[in-house]
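Have a look at the structure below, then the notes.
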Amino acid sequence: MAALCPGLWLRACLLPGLVCMLSLTGSDAASDTGSTTRPIKALMFVLVDDLGFNDLLGTDNISAPFVRELAQESVRLDNYYVEPVCSPARSALMAGRYPPRFGLQHQVIWSGQPAGVPLNETFFPELLSQAGWATHAIGKYHLGFYSWPHTATFRGFDSFYGFFGGGQDYLTHVEADGSESPGPQLGNGYDFWQTDGRNCGPGCAVPLRNASGVYSTSAFSQRAVDLVQAHDGVKPLFVYLAFQAVHGPIEAPQEYVDRNQHIPKGRRRTFAGMISCLDEGLRNISLALKDKGWWDDTAIIISTDNGGDTSQAVGGKCPPLSYCGGTGNNWPLRGGKHTVWEGGVRGFAMLRHPLLSGAGGWRYPGLFHLVDWFRTVLSMAGVTSTEPATAKLDGVDQWPALLARNGSVYSRRQEVLLQLDPWGIAYHGQQGDGPKAALRQGPWKIIVGPPGCPDAVFRPEAPPPAKHKPSCSRLPASSVLLFHVESDPAETTNVAAQHPDIVAQLKARLLHYNLTSVQPFYPDNDPKADPKLHDGLWEPWQ
């Protein structure tokens with residue numbers, strides 16, 4: 001794919017001659033230090049893959065009794081923004097920087113690509129580790145693994161248990177090289193690993209072939225329980241639990257599907273079973289923490305990585321190793337994963353912390369982005385040095401604002417960069433739909449270029465007909481959309497023509513970010529990665 005210069009396409013779309021405005025308080029702001037802390041013994045960051053805005057605590061009441069109970073002592077983040085797809089989201093979370101800063105704003109990292117988060121980017125678990133925490137990663141990695149130094153135990157974690165790539169069968173743990181990946185198509189491979197100890201590479205890393213047949217959600221939950229039970233408590237414990245669920249393929253053990261008889265039979269009920277299994281796993285982890293006497297000193301974050309995948313809200317059976325889209329729900333938001341509509345980039349998140357006890361049901365109104373967890377987690381953990389030596393963070397410390405939950409202090413973030421991609425996101429085998437940029441500032445959101453597909457609003461109790469094809473309003477690259485998302489979260493009314501001054505202001509902010517963005521890095525598959533050359537495994541090859 002030929003590269004396009006980000007500066008050229010943005011300047012063409014964002015009016016020549018616009019000068020950058022002064023930086024607004026928020027995305028360029030430095031961290032507050034010395035915020036109120038309480039020593040905690042454990043911090044669990046739970047990332048749920050492709051979880052929709054209306055899935056976990058949604059209107060169709062999926063059976064998730066533990067999370068519903070946990071929500072009563074948690075804060076829900078109402079204006080929480082993520083990335084359109086998996087790898088950009090995980091890189092933003094770990095590095096605390098917007099993906100266009102280091103070239104991962106386009107699509108995902110496919111298993112055969114020699115790509116990953118650049119090694120000069122610091123992951124926040126590395127700073128936790130330096131501050132004396134035990135750090136462990138479980139589940140889906142999807143941050144690049146073409147060389148061992150790109151893998152988890154080289155980037156701040158004491159151990160890793162899970163799979164390197166982006167998706168696989170929940171039971172066989174076989175991953176196909178995606179049909180959308182660039183360059184030569186590679187074979188299928190097994191991807192389930194355990195790496196114990198720092199810098200665990202060749203001769204240390206173990207492929208867990210005996211995990212075949214074990215449902216991944218159950219395996220990942222049990223690993224977290226085992227870590228808690230084995231931990232001696234000398235160091236505080238950080239666990240990054242990145243579930244494969246609820247990413248496609250839509251698969252769940254029947255016992256969990258049967259807990260959702262109130263949902264019409266089909267893919268949505270199976271999807272609900274995936275959440276029910278995840279919920280039971282989180283409950284088991286909480287019981288292990290209670291057995292240790294640590295529950296009252298534990299913080300838990302639950303977050304999606306991107307909007308729910310609504311590309312196949314209903315449908316039939318999937319071919320082997322095919323993801324077939326998802327059946328997530330983002331009501332009342334428009335669109336879903338792969339898009340910069342609110343349903344693709346506005347996500348679900350909640351936080352339970354001892355210092356927020358009694359906050360049950362409180363909803364935090366401040367703008368919050370995935371990149372903010374870098375500083376916020378470190379602040380929660382009492383780590384005073386939150387700035388990596390190699391790069392300027394985009395995230396802000398939200399912890400002081402969360403502590404001041406009755407309204408005296410709200411988020412210092414006034415805007416979030418949502419996308420800056422000169423190629424556009426390919427959708428299920430299609431070519432990229434064209435350059436796009438998006439940003440929210442206060443109540444306003446601007447989209448330059450096509451927002452992506454699908455773009456409908458679905459209620460879970462009224463799914464599309466069985467032969468429905470995902471809707472897609474294919475807008476030209478020159479399109480400019482402006483929405484007042486506080487009053488119009490479904491993005492039904494483009495008011496760009498009525499507010500040219502606001503359009504100009506937000507375009508100037510996009511140009512500001514473009515000055516420090518880099519070209520997307522999206523190489524072709526490397527034939528040397530083919531699992532046929534690695535005893536049937538996906539593993540680092542360089």
What is the ring orientation for F145 with W538, classed by angle as parallel under 30°, tilted 30 to 60°, or perpendicular over 60°?
-> perpendicular
For the residue pair H150 and F154, is the inter-centroid distance of their aromatic rings smaller than 6.0 Å?
-> no
For the side chain of E121 and the backbone of P118, is there at least one donor-acceptor N/O pair under 3.5 Å apart?
-> no
Residues E491, K445: salt bridge by 4.0 Å N-O rule = yes
Indicate yes or no for a side-chain donor-acceptor contact from D421 to the backbone of K436 under 3.5 Å, with no hydrogens or angles considered.
-> no
How are the rings of F220 and F163 set to each other: parallel, tilted or perpendicular (split at 30° and 60°)?
-> parallel
Taking atom types as modelled, is there a side-chain donor on R346 or Y80 under 3.5 Å from an acceptor on the other?
-> no
Closest approach of A137 to A152 (non-hydrogen atoms, all atoms of both residues) | CB-CB, 4.4 Å
Between the side chains of Y98 and E83, does any donor sit under 3.5 Å from an acceptor?
-> no
Any idea which heavy atoms bring L420 and A437 closest together, and the distance?
-> CD1-CB, 3.8 Å
Rounding to 0.5 Å, atoms CG (L282) and CD1 (I300) come to a distance of 7.5 Å
Distance-only, no hydrogens or angles: does the D49 side chain make a donor-acceptor pair with backbone N or O of A245 under 3.5 Å?
-> no
For the pair T217 and Q244, evaluate side chain to side chain donor-acceptor pair (under 3.5 Å) and give the outcome as yes or no after the intermediate values.
-> CA-CA 7 Å; T217 304; Q244 177 182 358; over 6 Å; no
Indicate the ring-plane relationship of Y215 and Y170, choosing parallel, tilted or perpendicular according to the 30° and 60° boundaries.
-> parallel
Donor-acceptor pair between T270 and E251 side chains, under 3.5 angstrom | no
Less than 4.0 Å between a side-chain N and a carboxylate O, is that true for D397 and R412?
-> no
For residues T151 and P540, determine if any side-chain heavy atom of one lies less than 4.5 Å from a side-chain heavy atom of the other.
-> yes
Residue pair V46, I301: steps toward the side chain to side chain contact (heavy atoms under 4.5 Å, CB included) verdict = CA-CA 6 Å; V46 180; I301 299 161; over 6 Å; no
Without hydrogens or angle criteria, can the side chains of Y81 and E342 be said to hold a donor-acceptor pair below 3.5 Å?
-> yes
For D279 and S276, does a side-chain donor sit closer than 3.5 Å to a side-chain acceptor?
-> no
How long is the gap from CG on L186 to CG on D526, to the nearest 0.5 Å?
-> 8.0 Å
Least distance between heavy atoms, P332 atom then V457 atom = O-CG1, 4.0 Å
Between the main-chain N or O of T327 and the side-chain N or O of R268, is there a donor-acceptor pair closer than 3.5 Å?
-> yes
Step by step, work out the salt bridge (charged side-chain N to carboxylate O under 4.0 Å, His left out) result for D394 and R413.
-> CA-CA 10 Å; D394 291 305; R413 176 176 289 287; over 6 Å; no
State whether a side-chain donor-acceptor pair under 3.5 Å links N54 with T59.
-> yes
Output, in order, the C-alpha distance, side-chain angles, deciding distance and verdict of ring-ring contact (aromatic ring centres under 6.0 Å, His included) for Y161 and F192.
-> CA-CA 8 Å; Y161 176 94; F192 203 116; 5.2 Å; yes
If you look at every heavy atom in F521 and P114, which pair is closest and at what distance?
-> CE2-O, 3.5 Å
Find out whether L57 and V67 are in side-chain contact, i.e. whether some heavy atom of one side chain is under 4.5 Å from a heavy atom of the other.
-> yes
Looking at G166 and K140, what are the two nearest heavy atoms and their distance?
-> O-NZ, 2.8 Å
Quiz item: cation-pi between R76 and F53, 6.0 Å / 45° = yes
Could you grab the distance from atom CZ of R97 to atom CG of L104, nearest 0.5 Å is fine?
-> 11.0 Å
Straight-line distance of L417 CG to Q105 CD, nearest 0.5 Å = 9.5 Å
Decide yes or no on side chain to side chain contact (heavy atoms under 4.5 Å, CB included) for D50 and T304, but give the supporting numbers first.
-> CA-CA 6 Å; D50 288 3; T304 187; 5.8 Å; no
May I ask you to decide if G307's main-chain N or O and N330's side chain share a donor-acceptor pair within less than 3.5 Å?
-> no
Polar side-chain atom of S517 near backbone of R101 as donor-acceptor pair, under 3.5 Å = no
Quick one: sort the Y141 and F164 rings into parallel, tilted or perpendicular, breaks at 30° and 60°.
-> perpendicular
Would you please test F238 and F45 for side chain to side chain contact (heavy atoms under 4.5 Å, CB included) and show each step?
-> CA-CA 8 Å; F238 174 72; F45 197 109; 4.0 Å; yes
Write down the atom of G328, the atom of D55, and the distance for their closest heavy-atom approach.
-> CA-OD2, 3.7 Å
Main-chain N/O of R375 paired to S379 side chain as donor or acceptor, under 3.5 Å | no
Spacing of CG belonging to D488 relative to OG1 belonging to T493, to within rounding of 0.5 Å = 5.0 Å
Side chains of P125 and M94: does their closest heavy-atom pair fall under 4.5 Å?
-> yes
salt_bridge(R363, D78) N-O dist < 4.0 Å = yes
Has the side chain of S74 got a donor or acceptor atom that lies under 3.5 Å from a matching backbone atom of M350?
-> no
With no hydrogens and no angle check, is any side-chain donor or acceptor of S87 less than 3.5 Å from a backbone partner on H142?
-> yes
Residues Q505, Q441; criterion side chain to side chain donor-acceptor pair (under 3.5 Å); working and verdict | CA-CA 10 Å; Q505 174 180 315; Q441 184 185 101; 2.4 Å; yes
Looking at W373, W399, F348, which one forms a ring-ring contact (aromatic ring centres under 6.0 Å, His included) with F368?
-> W373
Run the salt-bridge test on D305 and K337 with the 4.0 Å N-O cut-off and return the result as yes or no.
-> no
Parallel, tilted or perpendicular, as decided by the 30° and 60° cut-offs, for the rings of W423 and Y522 = perpendicular
Just by distance, with hydrogens left out, do T376 and D372 show a side-chain donor and acceptor under 3.5 Å apart?
-> no
Under-4.0 Å salt bridge between R269 and D60 = no
Salt-bridge test for R155 and E126: reply yes if a basic N is under 4.0 Å from a carboxylate O, no otherwise.
-> no
State the OG-CD1 distance between S91 and I109, to the nearest 0.5 angstrom.
-> 7.0 Å
Does N525 reach the main-chain N or O of P184 with its side chain, forming a donor-acceptor pair under 3.5 Å?
-> yes
When you look at I446 and L481, which way does the side chain to side chain contact (heavy atoms under 4.5 Å, CB included) test go after all the steps?
-> CA-CA 6 Å; I446 189 171; L481 307 177; over 6 Å; no
In plain terms, say whether R509 and E415 are close enough for a salt bridge, that is, a side-chain N and a carboxylate O under 4.0 Å apart.
-> yes
